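So that the names make sense, note that chain A is the first sequence line, chain B the second, and so on, each numbered from 1. Remember, predicted model here, so these are calculated numbers, not experimental data.
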Number of protein chains: 2
Amino acid sequence: MIGLIEQLTTYFKNYFALSPAEEEAFAIRLTQKRVKRRQFLLQQGDVCRHFSFVVSGCLKMYAVDKNGKEHNIQFIAENDWATDLSSFYDEKPSLLYIEAVEPTEVLQIKHQDLLYLYSNHHTIDHNFRVIIEQKYIALQNRVLQNISLSADERYEAFLKQYPKLANRLPNTQIASYIGVTPEFLSTIRKKHTQQS
Amino acid sequence: MIGLIEQLTTYFKNYFALSPAEEEAFAIRLTQKRVKRRQFLLQQGDVCRHFSFVVSGCLKMYAVDKNGKEHNIQFIAENDWATDLSSFYDEKPSLLYIEAVEPTEVLQIKHQDLLYLYSNHHTIDHNFRVIIEQKYIALQNRVLQNISLSADERYEAFLKQYPKLANRLPNTQIASYIGVTPEFLSTIRKKHTQQS
DNA sequence: AAATACCCTTAAGATAGTTTAAGAATTAGC
DNA sequence: GCTAATTCTTAAACTATCTTAAGGGTATTT
């Protein structure tokens, strides 16, 4: 447990470092959770009650459309945060799923605990603003790629942006992320290997 | 000028209301700018030096691809914020353009002034966290739409989400936003009017 | 180690979206 | 109000992506 929290503390040093008191205030509000492959952290219809820091492993966040197809909105791997912001802050049922694609360890903080920390520790509020801004920038790049690139180019962009994940995820999951069928991703990959 | 700032003050009441001192601290750091149709607030290669609040009118943010085509990442209308976060915080050249699609009035705050306010006024920092979180949620919905909906459905989603903008923008701009050619949007619209 | 579930590839036919080009309609700027 | 510029529509040919189906390959579970 100590090791996991140290990883989060180290992570926060990339932002405004927390004071020892702030670290302590954060740490005592964390709970650890171990999630097996295919186990859910959040299911459609439930309220997302936690902000989760991924220590190891990998999660996927996805929506299911009216035809029952899954569409991966994001992958969340080590040193990243998973939550459905909309459900978390408004405490309303989520439209999304968060599921482990690998055995995953997370540290979780509850809604009211995080709000308490926001109110009482400017640095924590500040850091989460910066974190969400960085995630916003990444998401905006993804929107741009979606509206301007072909499937082929989106696959290349994914490989460049997540070189580690590419080896860890089945292609079906990557296909769902870039917005094509697995069959079409297969033909894209074929072309790639023939060229290089 | 007073009227414009009042609009921003009213806007902030949707969040944690600023104290009179904070309102004042914010107001004295704002400059007003009037932008004509087709005038740029930001051009590719320039550093984005301001966070801009749109009082009236409408801006578009877009990228230009290697073939010279423009791709609209977002529209920014009344009571919304325009900036290239990535360029603004890292003070590096932007890859994007921000251009007025209507005559537009904005209130601008500079990088170092906003950082000063963040450091000295927790409420302001807090409010910008909440604002960016809301924009993050909207952007995430858009990503989901991009990977799961047909062009037809994306157009309907745009109409539902921005009913006011739909009448104010030329279809070429909407086509660029949803990621199709204007010609194809034209056939989509034809089908729509025939059905209803 | 066998059984099962999942994943990857291939290919043919179908659909969605693009390109090009040209004329008609609308809008912006003076 | 006129003029020029921009925007909108249509259609045909083309390209990208999807669907379906089937067989073989890899993991996971028993």
Side-chain angles (χ1 to χ4, degrees), chain A residues 35-39 57-58 60 62 65-72 99-104 145-159 165-195, chain B residues 34-39 57-58 60 62 65-72 75 99-104 145-159 165-195:
Chain A
V35 199
K36 288 184 197 157
R37 200 170 113 89
R38 270 162 224 257
Q39 196 179 331
C58 185
K60 64 176 174 178
Y62 63 92
D65 70 18
K66 54 181 188 282
N67 304 316
K69 277 196 189 149
E70 296 180 7
H71 300 277
N72 287 340
E99 183 187 328
V101 293
E102 298 176 352
T104 300
Q145 290 172 3
N146 280 333
I147 61 177
S148 69
L149 301 184
S150 66
D152 194 339
E153 295 166 318
R154 293 198 307 274
Y155 178 58
E156 280 179 3
F158 173 81
L159 292 183
L165 279 187
N167 306 318
R168 286 162 57 182
L169 294 168
N171 287 320
T172 43
Q173 296 303 320
I174 298 174
S176 168
Y177 180 88
I178 65 178
V180 296
T181 58
E183 293 84 0
F184 191 54
L185 178 55
S186 191
T187 76
I188 289 173
R189 283 161 49 80
K190 191 182 175 186
K191 250 185 280 175
H192 271 239
T193 52
Q194 283 174 348
Q195 282 170 357
Chain B
R34 212 178 276 267
V35 198
K36 288 184 195 156
R37 200 172 111 89
R38 267 161 224 257
Q39 196 178 331
C58 185
K60 63 174 174 180
Y62 63 93
D65 70 19
K66 54 181 189 282
N67 303 317
K69 277 195 189 154
E70 296 179 6
H71 300 278
N72 287 339
F75 299 111
E99 181 186 330
V101 293
E102 299 175 352
T104 301
Q145 289 171 5
N146 280 334
I147 61 176
S148 69
L149 301 184
S150 65
D152 193 336
E153 294 166 319
R154 293 197 308 271
Y155 178 59
E156 280 180 3
F158 173 82
L159 293 182
L165 279 186
N167 305 319
R168 285 159 60 180
L169 294 168
N171 288 320
T172 44
Q173 296 303 321
I174 298 173
S176 168
Y177 179 88
I178 65 177
V180 296
T181 59
E183 292 83 358
F184 190 57
L185 178 56
S186 192
T187 74
I188 289 173
R189 284 161 49 78
K190 191 180 174 188
K191 250 185 279 174
H192 271 240
T193 52
Q194 284 175 347
Q195 282 171 357

Inset, instruction - Return no unless some side-chain N or O of A/Asn171 is found under 4.0 Å from OP1 or OP2 of C/dC8. - result: yes
Inset, instruction - Examine D/dC18: is either OP1 or OP2 under 4.0 Å from a nitrogen or oxygen in the side chain of A/Thr181? Give yes or no. - result: yes
Inset, instruction - Indicate yes or no for a side-chain donor-acceptor contact from A/Asn67 to the backbone of A/Lys69 under 3.5 Å, with no hydrogens or angles considered. - result: no
Legend entry - Flag side-chain contact, heavy atom, 4.5 Å: B/Glu99 against B/Val35: no
Legend entry - Rounded distance in Å - CG (B/Asn67) to C1' (C/dT20): 15 Å
Inset, instruction - Name the nucleic acid region contacted by B/Lys69, choosing base, sugar-phosphate or nothing; use a 4.0 angstrom heavy-atom cut-off, strictly under. - result: sugar-phosphate
Inset, instruction - May I ask you to evaluate whether A/Lys191 reaches the phosphate of C/dT10, defined as a side-chain N or O under 4.0 Å from OP1 or OP2? - result: no
Inset, instruction - In whole angstrom, give the distance that lies between atom CD of B/Glu99 and atom C1' of D/dT6. - result: 14 Å
Legend entry - Length of the line joining B/Tyr155:OH and C/dG17:P, which is rounded to integer Å: 15 Å
Inset, instruction - Measure from the side-chain heavy atoms of B/Ser150 and tell me the nearest of D/dT19, D/dT7, C/dG17. - result: C/dG17
Legend entry - OP1 or OP2 of C/dT9 under 4.0 Å from side-chain N/O of A/Arg189: yes
Inset, instruction - Could you check how far CG of B/Asp152 sits from P of C/dT18, rounded to whole Å? - result: 13 Å
Legend entry - Separation of atom CD1 in A/Ile147 from atom P in C/dT18, rounded to whole Å: 12 Å
Inset, instruction - Check whether any side-chain heavy atom of B/Arg154 lies under 4.5 Å from a side-chain heavy atom of B/Val180, and answer yes or no. - result: yes
Legend entry - Whole angstrom value for the distance that separates C1' of D/dC18 from CD of A/Glu183: 8 Å
Legend entry - Nucleotide C/dA28, atom P - distance to CD of B/Gln173 in whole Å: 13 Å
Inset, instruction - Would you kindly give the CD1-to-P distance between A/Ile188 and D/dA16, to the nearest whole Å? - result: 11 Å
Legend entry - Residue A/Lys190, side-chain atoms from C-beta onward, closest of D/dA11, C/dA11, D/dC18: C/dA11
Inset, instruction - Classify the angle between the aromatic ring planes of B/Phe75 and B/Tyr177 as parallel (below 30°), tilted (30 to 60°) or perpendicular (above 60°). - result: parallel
Legend entry - Touch class at under 4.0 angstrom, heavy-atom based, for B/Thr172 against every strand present: sugar-phosphate
Inset, instruction - Output yes when a side-chain donor or acceptor of A/Ser176 lies under 3.5 Å from a complementary backbone atom of A/Thr172, and no otherwise. - result: no
Inset, instruction - Let me know, please, whether B/Phe184 or B/Arg38 comes out on the 5' side of the other along DNA chain C by nearest nucleotide. - result: B/Phe184
